[in-house]
Protein chains: 2
Amino acid sequence: MTDTRARLLDGALRTLRDRGIAGASARSIATAAGVNQALVFYHFGSVDQLLTEACAHAARERVQLYSDQFDAVTSLSELVELGVRIHKHEGAEGNILVLAQMLAGAQSEPKLAPSALAALTMWIERIEVVLERVLLRSPLREFVDVPGMARALSAAFLGLGLYDGIDHDGADRALASVTRLDVLIEVIDDLGPAAQALLRTRLRRAPPTA
Amino acid sequence: MTDTRARLLDGALRTLRDRGIAGASARSIATAAGVNQALVFYHFGSVDQLLTEACAHAARERVQLYSDQFDAVTSLSELVELGVRIHKHEGAEGNILVLAQMLAGAQSEPKLAPSALAALTMWIERIEVVLERVLLRSPLREFVDVPGMARALSAAFLGLGLYDGIDHDGADRALASVTRLDVLIEVIDDLGPAAQALLRTRLRRAPPTA
DNA sequence: GTCTATAGAGGGATAGAC
DNA sequence: GTCTATCCCTCTATAGAC
């Protein structure tokens with residue numbers, strides 16, 4: 001990959017993060033990348049295409065970056081902790097806001113939707129694998145739809161990233177309150193056999209409300 | 001309020017919802033409202049100001065619309081159900097996407113941030129009241145930071161609204177899986193006194209991880 | 001209050017020199 | 001591959017007729 005291509009991809013991500021989808025023009029991206037504006041079209045054909053490739057590239061890179069940490073997760077508590085770490089790290093640096101901006105843009109520009117979905121799906125799939133593994137021995141296993149929960153968690157983090165941008169303290173407090181809930185989940189997983197059996201029975205008796 | 005003002009406020013909301021913050025120009029809003037473009041500036045001074053007022057107006061109206069339903073909630077399950085109803089109704093019609101787009105825009109345009117936050121806060125405060133009431137008799141009460149949880153839930157719904165725009169089926173599945181979790185919460189609330197005492201003890205023993 | 005017209009900036013995209 | 005120059009469009013905002 002040529003240097004210019006790489007600079008443009010990086011410039012696109014920084015522009016998307018700092019100035020939002022509304023501010024991600026060929027000119028502003030080129031300025032951020034330190035290259036000439038016409039090169040956007042020489043290398044990528046259109047701004048949308050550049051955003052698409054930048055988004056895919058970043059998601060691959062970022063998911064990869066946390067790969068070992070995903071593998072190391074052995075409980076729901078640890079998954080929540082990893083989520084917090086990723087939120088804090090990516091919030092300032094990276095990918096969550098970029099994805100959120102792509103989703104925001106995709107509402108109006110259908111061309112952005114497939115790539116935004118593809119990028120988000122990289123995160124979702126990683127979370128699915130972890131959830132599946134972590135729930136294996138949990139009494140919650142049969143009551144959690146793993147693909148659905150992975151999607152809910154991913155969407156929630158996107159919203160939290162946006163919220164963080166306008167109320168950092170509020171987002172911190174939100175995160176802290178969710179972190180506290182993991183104690184509850186952990187307790188359920190750690191209940192003795194008798195209590196677990198009771199819970200299981202009660203859960204089975206209650207029909208899904210969906 | 002003059003007819004034109006009302007039309008512009010409505011047009012701004014529809015444009016924000018359908019074409020996103022990137023497509024919410026004075027021209028497109030005026031077209032959606034069926035009025036002349038120059039009237040945006042006559043009545044509101046700037047596009048940002050129009051978006052700000054539209055956002056505040058819509059949040060007031062929408063929160064009001066669900067006011068009775070918020071009051072009628074008596075359990076966490078019912079709160080989840082109401083959340084699903086609001087998501088489904090607002091997703092097509094309304095306010096959640098508008099708010100998400102305002103948040104997306106506020107990242108780049110600081111002038112939008114205060115009004116986006118104010119609008120979102122109307123939802124958050126309503127949820128806080130309900131959470132406070134519903135948790136009163138729950139063993140979870142002392143482990144839930146109500147303001148934090150209300151913010152987390154609100155942010156999560158914003159993310160879900162955006163996600164819905166690019167993957168409706170995925171969002172449905174996410175929602176369904178969360179709906180199923182409410183059974184767990186309900187079961188905890190309905191445990192007998194002995195089991196509740198056990199849970200309380202275990203929860204107290206586990207220190208917050210935040 | 002509403003319209004037309006337009007100034008002036010910024011945007012996507014291309015042509016053509018180097 | 002990179003640059004300058006440019007076309008043409010859309011945008012915000014205003015001036016001025018009605």
Side-chain angles (χ1 to χ4, degrees), chain A residues 1-55 57 101-102 104-113 115-116, chain B residues 1-55 57 101-102 104-113 115-116:
Chain A
M1 180 155 59
T2 71
D3 183 51
T4 299
R5 270 188 74 90
R7 291 169 76 95
L8 279 171
L9 289 172
D10 184 59
L13 293 172
R14 272 185 294 120
T15 306
L16 217 38
R17 187 192 62 201
D18 297 338
R19 314 195 25 180
I21 186 72
S25 68
R27 283 171 160 82
S28 57
I29 291 172
T31 301
V35 305
N36 189 280
Q37 173 257 343
L39 294 175
V40 168
F41 303 95
Y42 176 78
H43 284 285
F44 296 93
S46 72
V47 175
D48 283 349
Q49 188 58 30
L50 167 54
L51 293 178
T52 291
E53 295 193 28
C55 185
H57 171 260
Q101 290 291 342
M102 286 290 285
Q107 312 283 331
S108 46
E109 185 49 75
K111 265 178 289 189
L112 295 180
S115 44
Chain B
M1 181 155 56
T2 72
D3 183 53
T4 299
R5 270 188 73 92
R7 292 169 76 96
L8 278 172
L9 289 172
D10 184 60
L13 293 172
R14 275 185 292 120
T15 305
L16 218 38
R17 187 192 62 200
D18 298 338
R19 313 194 28 179
I21 187 72
S25 67
R27 280 171 158 80
S28 56
I29 292 172
T31 301
V35 306
N36 188 279
Q37 175 260 146
L39 295 175
V40 168
F41 303 96
Y42 175 79
H43 285 284
F44 296 93
S46 72
V47 175
D48 284 349
Q49 188 57 31
L50 167 54
L51 293 177
T52 290
E53 296 193 26
C55 185
H57 171 259
Q101 290 291 343
M102 286 290 286
Q107 313 283 330
S108 45
E109 185 48 77
K111 263 178 289 187
L112 295 180
S115 44

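Lettering of chains follows the sequences in order, A, B, ..., and the numbering in each one begins at 1.
Of the possible donor and acceptor atoms, one in the side chain of Arg7(B) sits under 3.5 Å from a partner among the backbone N and O of Ala33(B). Gln101(A) places a side-chain N or O within donor-acceptor distance of the main-chain N or O of Ile21(A), the cut-off being under 3.5 Å. With hydrogens and angles ignored, the 3.5 Å screen pairs a side-chain donor or acceptor of Ser108(B) with a backbone N or O of Arg19(A).
At least one side-chain nitrogen or oxygen of Ser25(B) sits closer than 4.0 Å to the OP1 or OP2 atom of dC11(D). For dT2(C), the OP1/OP2 oxygens have a side-chain nitrogen or oxygen of Thr4(B) closer than 4.0 Å.
Checked against side-chain hydrogen bond (donor to acceptor under 3.5 Å, both in side chains), Gln49(B) has the following partners two or more places apart in sequence or in another chain: Glu53(B).
Counting heavy atoms from C-beta outward, Leu9(B) and Phe44(B) have side chains that approach closer than 4.5 Å.
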Grab the N/O contacts between the protein and nucleotides 4-8 of chain C below 3.5 Å, and write none if there aren't any.
residue	atom	partner	partner atom	Å
dT4(C)	OP2	Asn36(B)	ND2	3.2

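Residue-level contact check: Val35(A) touches neither bases nor backbone, having no heavy atom under 4.0 Å from any strand.
In this structure, Phe44(B) places its CZ atom 11 Å from P of dG1(C), rounding to the nearest Å.
Taking for each of Arg19(A) and Tyr42(B) the nucleotide of DNA chain C with the nearest heavy atom, the 5'-most of the two is the partner of Tyr42(B).
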| task | Start with the C-alpha gap between Ile29(A) and Leu51(A), add the side-chain angles, then the distance that decides, and say whether side chain to side chain contact (heavy atoms under 4.5 Å, CB included) holds. | result | CA-CA 10 Å; Ile29(A) 291 172; Leu51(A) 293 178; 4.1 Å; yes
